[in-house]
Amino acid sequence: MANATIGNVDSLLAGVDFEKLNFVEQYWARWFQYMNNDLIATGVLLLAFHEAVYFGRSLPWAIIDYIPYFRKYKIQDTKIPTTAEYWQCLKEVLISHVLIEAVPIFGFYPMCELFNISIGVPFPKWTTIAWHLAIFFVLEDTWHYWGHRALHSKLLYKRVHKMHHKYAAPFGLTAEYAHPVEVAFTGLGTVGSPLLVSYLFGEMHLFTVLLWIMMRLLQAVDSHSGYDFPWSLRHFLPFWAGADHHDDHHKYFTGNYASSFRWWDYLLDSETKATATRRGENRIKKNQ
């Protein structure tokens, strides 16, 4: 279905049998009808969703940091963030969200129109959504790897990326604690992936973009959590980076540049020595 235009939100349901929509699609349509302005409706939806997912996922990790039982799963178990560090990080992240991230978020609807990203109902098939999400992860991980390596260059590290490395033992809330230039640069990989896919292949929907933002935020916060549990995803998907991969990056200030997967660092020999050693030890254990 074609995008609804600002001031013409009734076209969102044109020719659609409302009763055949699932409950998510119904609430989606009612939201855009209620707001009666696609630009504002999209901006508020994306911003509220971003804040809810980011802080909602960061909170459990903050709680765990105050429970001694979980110390055995803490990767750097002697470096527990203090309350003062939490408040300082929270303040900086909130400022960044309000003054930096909110601007492009509210400017995303014009990009939807430009790149033909639909806001209509019904949503695409789940197979289409899953395929798009998989592509996004690969594209963003590639962008993040090369961009992250660039941020560690002599030109950019002290000027930009050093701020993110303030915490040698990261915690969930630090995922978006970064210089404005870095926030914009890494955010381009997240937002640019669906824009590129939509431009090349079409059939893109804002709901898919919303799911992608959720999954990317969950990945970013979890990789900064500082905890590695026996049930963490990387134990079931060996190519998944996980917290141990990114924690080594913060601990040693170099190497392990990728965001979601391990293959770029493995193939291009940019793993930290600690990560490479663990990988070798795990291979030996599996062969015994």
Side-chain angles (χ1 to χ4, degrees), residues 1-4 12 16 20-32 35 38-60 97 101-102 104-144 172 175-176 186-225 233 236-237 239-242 259-261:
M1 175 173 289
N3 292 347
L12 189 67
V16 174
K20 291 184 178 180
L21 301 176
N22 62 48
F23 76 97
V24 178
E25 291 168 336
Q26 291 179 11
Y27 278 106
W28 179 276
R30 292 189 188 281
W31 165 254
F32 279 90
M35 293 300 292
D38 294 345
L39 176 66
I40 297 177
T42 301
V44 171
L45 179 65
L46 289 174
L47 182 61
F49 192 77
H50 177 277
E51 300 306 285
V53 173
Y54 184 79
F55 292 111
R57 186 58 185 136
S58 297
L59 181 59
H97 284 188
E101 296 189 39
I105 286 176
F106 271 90
F108 190 71
Y109 179 73
M111 302 300 291
C112 290
E113 291 191 309
L114 182 62
F115 286 86
N116 197 31
I117 297 178
S118 175
I119 65 169
V121 288
F123 297 153
K125 295 180 180 178
W126 280 106
T127 52
T128 301
I129 292 175
W131 173 241
H132 283 160
L133 292 174
I135 295 175
F136 298 163
F137 267 109
V138 173
L139 289 176
E140 191 284 329
D141 183 71
T142 302
W143 173 270
H144 193 100
E176 291 189 343
T186 56
L188 185 58
T190 301
V191 177
S193 296
L195 294 179
L196 178 62
V197 172
S198 182
Y199 175 77
L200 293 176
F201 304 107
E203 297 186 29
M204 186 59 59
H205 197 282
L206 183 61
F207 180 70
T208 306
V209 178
L210 205 66
L211 290 179
W212 159 238
I213 291 173
M214 177 187 71
M215 297 178 75
R216 175 69 179 105
L217 285 172
L218 293 177
Q219 180 276 324
V221 172
D222 286 359
S223 69
H224 286 82
S225 68
L233 185 59
F236 303 96
L237 295 177
F239 55 83
W240 186 254
S259 56
S260 297
F261 307 115

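The two residues Gly107 and Met111 make their nearest non-hydrogen contact at O-CG, 3.6 Å. Among all heavy-atom pairs drawn from Val121 and Glu25, the shortest one is CG1-O, 3.7 Å. Of all heavy-atom pairs spanning Ala175 and Ala220, the tightest one is CB-O, 3.7 Å. For the pair His205 and Ile117, the tightest heavy-atom approach, listed with the atom from each and the gap, is C-CG2, 3.7 Å.
Checked against side-chain hydrogen bond (donor to acceptor under 3.5 Å, both in side chains), Thr142 has the following partners two or more places apart in sequence or in another chain: Trp264. Residues passing the ring pair (Phe, Tyr, Trp, His ring centres under 6.0 Å) test with Trp143, sequence neighbours excluded: Phe185. Applying the ring pair (Phe, Tyr, Trp, His ring centres under 6.0 Å) criterion to Phe55, with sequence neighbours excluded, gives His97.
Between Trp240 and Phe261, the ring planes lie perpendicular to each other; the angle is over 60°, past the 30° to 60° tilted range. Between Tyr54 and His50, the two ring planes are parallel [angle under 30°; tilted spans 30° to 60°].
Judged purely by atom type and a 3.5 angstrom limit, Trp28 has no side-chain atom pairing as donor or acceptor with the backbone of Pro122. Put simply, the side chain of Ser198 gets close to the backbone of Phe115: a donor and an acceptor are under 3.5 Å apart.
With rounding to the nearest 0.5 angstrom, the CG atom of Leu188 is 13.0 Å from the NE2 atom of His144. Taken from OG1 in Thr128 to CE in Met204, the straight-line distance is 9.5 Å, to the nearest 0.5 Å. Taking OG of Ser260 as the start and CG of Leu139 as the end, the distance is 11.5 Å to the nearest 0.5 Å. We find the SG-CD1 distance between Cys112 and Ile119 to be 7.5 Å, quoted to the nearest 0.5 Å. Asp222 CG to Leu233 CG: the interatomic distance, rounded to the nearest 0.5 Å, is 9.0 Å. A distance of 11.0 Å separates CD1 in Ile129 from CG in Leu210, rounded to the nearest 0.5 Å.
Inter-residue side-chain proximity for His132 and Val197 is flagged as met; some heavy-atom pair is nearer than 4.5 Å. You'll find the side chain of Leu46 stays beyond 4.5 Å of the side chain of Tyr109, heavy atoms only. Taking the side chain as every heavy atom from C-beta outward, Thr42 and Phe106 never approach each other to under 4.5 Å. For the pair Val191/Pro104, no side-chain contact is recorded, criterion being any heavy-atom separation below 4.5 Å from C-beta on. Taking 4.5 Å as the limit, every side-chain heavy atom of Ile135 sits out of range of all side-chain heavy atoms of Val138.
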Could you walk me through whether Leu195 and Phe108 pass the side chain to side chain contact (heavy atoms under 4.5 Å, CB included) test, one step at a time? CA-CA 10 Å; Leu195 294 179; Phe108 190 71; 4.1 Å; yes
For side chain to side chain contact (heavy atoms under 4.5 Å, CB included), just list the numbers for Leu217 and Arg57, CA-CA rounded to whole Å, side-chain angles, deciding distance to a tenth of an Å, and then say yes or no. CA-CA 8 Å; Leu217 285 172; Arg57 186 58 185 136; over 6 Å; no
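Taking the six-membered ring where the residue is Trp, the centroids of Trp31 and Tyr27 are separated by 6.0 Å or more.
Evaluated for a side-chain contact (heavy atoms from CB on, under 4.5 Å) with Phe136, the options Thr208, Ile213, Thr190, Leu196 yield exactly one hit, Thr208.
Judged by distance alone, the side chains of Ser259 and Gln219 never bring a donor and an acceptor atom under 3.5 Å apart.
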